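Below you'll find the structure, written out as structure tokens, and then a few comments.
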Amino acid sequence: MKIFTTRQKLHEYLAEMRLNGKTTGLVPTMGALHNGHISLLATAKRQTDVVVCSIFVNPTQFNDANDLEKYPRPIESDIEKLKNADCDVLFNPTVDEMYGPNETWHLDIGPLEHLLEGRTRPGHYQGVTQVVAKLFNIIEPDMAFFGQKDYQQVLVISRMVELLKLPVKMVMCPIVRDEGGLAMSSRNVHLSADDRQHALVLSKTLNMVKEQYQHHTLAELKELATAFINSEPGVILDYFEIADGVTLLPAQPDSTKVVALVAARVGNTRLIDNMILG
Ligand code: PAF
């Protein structure tokens, strides 16, 4: 696996690959890799010739300095995992390599940015679009692979791709869960054994809502889900929404895709999860 820390060298390498007719797939990450990331890499390997994984803990998408500081950064074990996953290229830049001083530009991607995660974490998606726009610019991937766990992020980045008319195909890959149903996340390392048990209420609730989807109104389902999560000790619900899968506004009878999304604090860790209902 080749490892690059500068944009210039990576860009040159990929330009050469492109001249040789190779397609490029990008799996953008913030490291602390888990099986969810490995499954993105496996999908990218099947669909493109040169797979680039970026590991960059992007400061502009954190609105809590403490969260940024405690974000896990196990780079040595990440490199091992990438080698085992047969990743072709790792891009692991510093903050100075990615950002100039006092960068304030942002993209207006519309209402999507301010709903759900955007409401709880103002500015989060500005940071995400900033860094992903930079990664797309440097790497010029043919395809980019994102996990469904960050469903809203996939919609936000897809909107950016649409607005900027970027020549990249977005691929959303299914959520990977552990045996108990907990969605894989880099943040799970912060969960205690008890937290892990309590956190299962999130996927259990999503499964219950999916099972009951045809038998209740959306308002009833939301009430059931909220009560179920609130009854779990150690879990503080942020939101549970049943939303239109395209706009993320509350689902309507004519919504063609409906998704249930949840965010909650479990112990000291904020978790998100979702499930496509129909
Ligand atoms: O999903 C993530 O890990 C990050 O938000 C991303 C897409 C790598 C941008 O920093």
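Counting starts at 1 for both ligands and their atoms, in listed order. Note that the coordinates shown come from a computational prediction; the quantities given were computed from them, not determined experimentally.
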Counting both backbone and side chain atoms, is some N or O of Asn58 under 3.5 Å from an N or O of ligand 1?
-> no

Gap between atom CG of Leu107 and atom CD of Glu113 - 0.5 Å precision | 9.0 Å

Roughly how far, to the nearest 0.5 Å, is CD1 of Ile229 from CE of Met208?
-> 8.0 Å

Would you please say whether a donor-acceptor pair under 3.5 Å links the side chains of Thr60 and Tyr99?
-> yes

Could you list the atoms of ligand 1 found under 4.0 angstrom from a heavy atom of Pro28?
-> 8 (C)

among protein heavy atoms, the one nearest atom 1 (O) of ligand 1 is Gln153 NE2, 2.8 Å

Proximal candidate to atom 9 (C) of ligand 1 [heavy atom criterion; set Lys149, His124, Gln61] | Gln61

Ring geometry between Phe62 and Tyr71 (parallel below 30°, tilted from 30 to 60°, perpendicular above 60°) = perpendicular

Ligand 1 atoms nearer than 4.0 angstrom to some heavy atom of Val131 are 9 (C), 10 (O)

Any N/O pair Thr29/ligand 1 closer than 3.5 Å | no

Could you tell me whether Arg121 and Asp238 make a salt bridge, using a distance below 4.0 angstrom between a side-chain N and a carboxylate O?
-> no

